[in-house]
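In this text, all values refer to a predicted model and were calculated from it rather than measured experimentally. Throughout, residue positions are numbered sequentially from 1 according to the sequence presented.
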Amino acid sequence: MSFHSMWAELLPIGRNSASGGYRRYAWTGADADCRAWFRQQAEDRGLVYEVDRNGNQWAWLGDPAAGDAVVTGSHLDSVPDGGAFDGPLGVVSSFAALDELRGRGAEFAKPVAIVNFGDEEGARFGLACVGSRLTAGRLTVEQAHRLTDGDGISLPRAMEAAGYDPEGIGADPERLARIGAFVELHVEQGRALDLSGDRVGVASAIWPHGRWRFDFRGEANHAGTTRLADRRDPMLSYAETVLAARREAELAGAVATFGKIAVEPNGVNAIPSLVRGWLDSRAADQATLDTVVGGIEKAAREYADAHGIDLDVVRESFTPVVEFDHVLRDELARILGTDTGLKVPVLGTGAGHDAGILSGSIPTAMLFVRNPTGVSHSPAEFAAEDDCVAGVRALADVLEGLACR
């Protein structure tokens, strides 16, 4: 099956007709349909299909237990109303690259696997890369059991409702020990390749990044009868903090975003008692990130004190800087540059990925495919067909260089 036909099959799953974006949340109906698609692709190719203890899907060519396997893949879930390419491009390209190698008559010296990691985006339970974090031991069983969605449904309960046994979740060192290298292809979430005129790039590092929850607590009251001078309105402190985040990020050359908010009691004619905002911040290095987040929290506390607001700040997740394996990264550049003559820029990224989570356990690397708009996590996310095909060929070349005789 060609890249185009696979892409066309996957495209309608989980798409919201009103927004044009995708709502493929972990352990929901759309997620089940994506997982069924993955399994069908594996079975159509005669690959060994399995689901690991954390719900990640695997499709193996060769003996999974042989060791030193070369693994590729990504994820199929989405952010709320996200784009079509973030995640799925890597999975579809992996199957297409395997087809390409078989068409070349490649002789495999190592096992090759394609993986779909579960709940990479964290859209339902608020934590990114759950499947790969559990596998790598970066998320404990106890922490996973405490994860709940907006309706109060826990992760184990959601897995069970979807037909999976949550009792076995946890670190999977035996599985990781089978893997010699993991290469993830992903649409670029920025415009570096578009600006340089290149179709494909190799990742150098992932910026350190984290999520912080800011809880501003004031006093609920009537919006029409309470004098401005008598109010303890947490929305004011929150709004000022949003502006402070923009200033701190600009000064440091970093990024900081308040993209999610919850308000109580959330009435048009009621002054809020609680405004809870989630900050996402990323920077090129740890010191810069600490400066940005520290500056935002300092400003938030000053604004809260000025308005009589109580403030709690909780770090909900954090991923330090990820330097991809230099030997593997350089090998990718050699394969694509020396062997094919393709110009391959090496670039960093502010976006987190499963490859970043796994990098502390196994050698990992990433390929990026050009995104002409730079837009991601949006229905406007895009990659041209020719660039997608170039990505498939690049991934096939890499897999051939790493896994074939």
Checklist entry - Closest approach of Glu219 and Ile271, non-hydrogen atoms and distance? => result O-CG2, 3.7 Å
Next on the checklist: Could you measure the distance from the CG atom of Leu98 to the CG atom of Leu47? Nearest 0.5 Å is fine.
Outcome noted: 6.0 Å
Next on the checklist: Do Arg35 and Tyr164 pair up side chain to side chain, a donor and an acceptor below 3.5 Å, judged on atom types alone?
Outcome noted: yes
Checklist entry - Any donor and acceptor pair, going by atom type alone, linking the side chain of Ser359 with main-chain N or O of Glu323 inside 3.5 Å? => result no
Checklist entry - Which pairs, with at least one residue in residues 73-82 and sequence neighbours excluded, count as a side chain to side chain donor-acceptor pair (under 3.5 Å)? => result Ser19-Asp81, Arg23-Asp81, Ser74-Glu184, His75-Asp77, His75-Asp86, His75-Glu120
Item to check | Side chain to side chain, Phe382 and Pro372, heavy atoms closer than 4.5 Å | outcome: yes
Checklist entry - Less than 4.0 Å between a side-chain N and a carboxylate O, is that true for Arg178 and Glu174? => result no
Checklist entry - Less than 4.0 Å between a side-chain N and a carboxylate O, is that true for Asp149 and Arg124? => result yes
Next on the checklist: Between Thr257 (side chain only) and Gly259 (backbone N and O only), is there a donor and an acceptor less than 3.5 Å apart?
Outcome noted: no
Item to check | More than 12 heavy atoms from other groups under 6.0 Å of CZ on Arg246 | outcome: no
Next on the checklist: Applying salt bridge (charged side-chain N to carboxylate O under 4.0 Å, His left out) to Arg334 and Glu331, what does each step give before you reach the verdict?
Outcome noted: CA-CA 5 Å; Arg334 184 195 67 77; Glu331 179 65 5; 2.7 Å; yes
Item to check | Test: Arg370 and Glu188 ion pair at under 4.0 Å | outcome: no
Next on the checklist: Checking side-chain polar atoms at under 3.5 Å, does Thr148 have a donor or acceptor matched by the opposite partner on Ser154?
Outcome noted: no
Checklist entry - Tyr22 side chain to Ile13 main-chain N or O, any donor-acceptor pair under 3.5 Å? => result no
Item to check | Distance (rounded to the nearest 0.5 Å) between Asp230 CG and Asn221 CG | outcome: 8.5 Å
Item to check | Given Asp354, Asp119, Ile357, the one that forms side chain to side chain contact (heavy atoms under 4.5 Å, CB included) with Arg133 | outcome: Ile357
Item to check | Under 3.5 Å donor-acceptor, Asp386 side chain and Ala390 backbone | outcome: no
Checklist entry - With a 4.5 Å limit on heavy-atom distance, are the side chains of Phe85 and Cys388 in contact? => result yes
Checklist entry - Say you draw a straight line from CG of Asn54 to CG of Leu134; how long is it, rounded to the nearest 0.5 Å? => result 4.5 Å
Item to check | Arg282/Asp280 salt bridge by N-O under 4.0 Å criterion | outcome: yes
Item to check | Lys NZ or Arg CZ of Arg175 over Trp58 ring: under 6.0 Å, within 45° | outcome: yes
Next on the checklist: Quick one, Tyr238 with Tyr303, criterion ring pair (Phe, Tyr, Trp, His ring centres under 6.0 Å). Give me CA distance, side-chain angles, the key distance, then yes/no.
Outcome noted: CA-CA 8 Å; Tyr238 171 72; Tyr303 296 138; over 10 Å; no
Next on the checklist: Under 4.0 Å between a side-chain nitrogen and a carboxylate oxygen: does that hold for Glu316 and Arg213?
Outcome noted: yes
Next on the checklist: Looking only at the side chains, is there a donor atom on one of Tyr49 and Gln57 sitting less than 3.5 Å from an acceptor on the other?
Outcome noted: yes
Checklist entry - Can you find a heavy atom in the side chain of Pro272 that is under 4.5 Å from one in the side chain of Asp233? => result yes
Checklist entry - Between the side chains of Glu240 and Ser237, is a donor N or O closer than 3.5 angstrom to an acceptor N or O? => result no
Next on the checklist: For Asp310, is there an ion pair with Arg301 - N to carboxylate O distance below 4.0 angstrom?
Outcome noted: no
Checklist outcome for this item: One should read off an interatomic distance between Ser273 OG and Phe216 CZ, to the nearest 0.5 angstrom, of 14.0 Å
Next on the checklist: Salt bridge or not between Asp68 and Lys110? Use side-chain N to carboxylate O under 4.0 Å.
Outcome noted: yes
Item to check | Side chain Asn16, main chain Ala18, donor-acceptor under 3.5 Å | outcome: yes
Next on the checklist: For Thr288 and Asp285, which I'm curious about, is there any donor-acceptor pair between the side chains at under 3.5 Å?
Outcome noted: yes
